[in-house]
Amino acid sequence: MEKVPGFYSIYSKVFLKIMRTTDLQVSTQKHGNGFYDITITKCLWHTACVENGCEELCRLFCDVDDVTYGGLRKIGFFRTQILGYDENCCDFHFFRK
């Protein structure tokens, strides 16, 4: 997909729209020239794991994000906090490479 012209623009617009319209988590978004941020304060996976007494399992779901987004060549990704690791939110930072 990264070979598609305008991949960054398409991907960021779709990702932000999904995050704004889903009821699977609570988040805020911010975007600018060459970046977009998503801060998730309530997550389906985290809530389900906590409610079912398997909080440590949530870390596996969180770690998948590193594999999914970390392998992109045109978009950079990092987080400084992760709900599944007992922090206050998941703060996704994406930027154009």
Is K97 reaching over with its side chain to a backbone N or O of L72, donor-acceptor style, under 3.5 angstrom? yes

Sub-3.5 Å donor-acceptor pair from the side chain of E2 to the main-chain atoms of K74, do we have one? yes

All N/O donor-acceptor pairs, side-chain side in residues 28-40, below 3.5 Å, sequence neighbours left out:
unit_1: Q29; atom_1: NE2; unit_2: S27; atom_2: OG; d: 2.7
unit_1: D37; atom_1: OD1; unit_2: H93; atom_2: ND1; d: 3.1

Contacts of K13 that satisfy side chain to side chain contact (heavy atoms under 4.5 Å, CB included) - sequence neighbours left out: S9

Please enumerate all residues that pass side chain to side chain contact (heavy atoms under 4.5 Å, CB included) together with R96, with sequence neighbours excluded. Y8

Heavy-atom closest contact (R59 atom, D86 atom, distance): NH2-OD2, 3.5 Å

Restricting to non-hydrogen atoms, name the atom on Y69 and the atom on F92 that form the minimum distance, rounded to 0.1 Å. CE1-CE2, 4.1 Å

Going only through I, L, V, M, F, W and Y residues with side-chain contacts under 4.5 Å, is there a path from [X] to [Y]?
X   : Y   : value
F95 : V14 : no
V4  : I75 : no
F7  : F77 : yes

Can you give the donor-acceptor pairs under 3.5 Å from side chains of residues 46-56 to other protein atoms, not counting sequence neighbours?
unit_1: H46; atom_1: NE2; unit_2: L83; atom_2: O; d: 3.4
unit_1: T47; atom_1: OG1; unit_2: C43; atom_2: O; d: 2.9
unit_1: N52; atom_1: ND2; unit_2: A48; atom_2: O; d: 2.7

Side chain to side chain donor-acceptor pair (under 3.5 Å) filter on T80, not counting sequence neighbours, yields D91

Between F94 and F15, does a side chain to side chain contact (heavy atoms under 4.5 Å, CB included) hold up when you go through it step by step? CA-CA 11 Å; F94 295 92; F15 196 98; 4.0 Å; yes

Please tabulate, one pair per line, all N/O donor-acceptor pairs under 3.5 Å involving side-chain atoms of residues 60-67, not counting sequence neighbours.
unit_1: D63; atom_1: OD1; unit_2: Y85; atom_2: OH; d: 2.8
unit_1: D63; atom_1: OD2; unit_2: Y85; atom_2: OH; d: 3.1
unit_1: D65; atom_1: OD2; unit_2: R79; atom_2: NH1; d: 3.1
unit_1: D66; atom_1: OD1; unit_2: R79; atom_2: NH2; d: 3.2

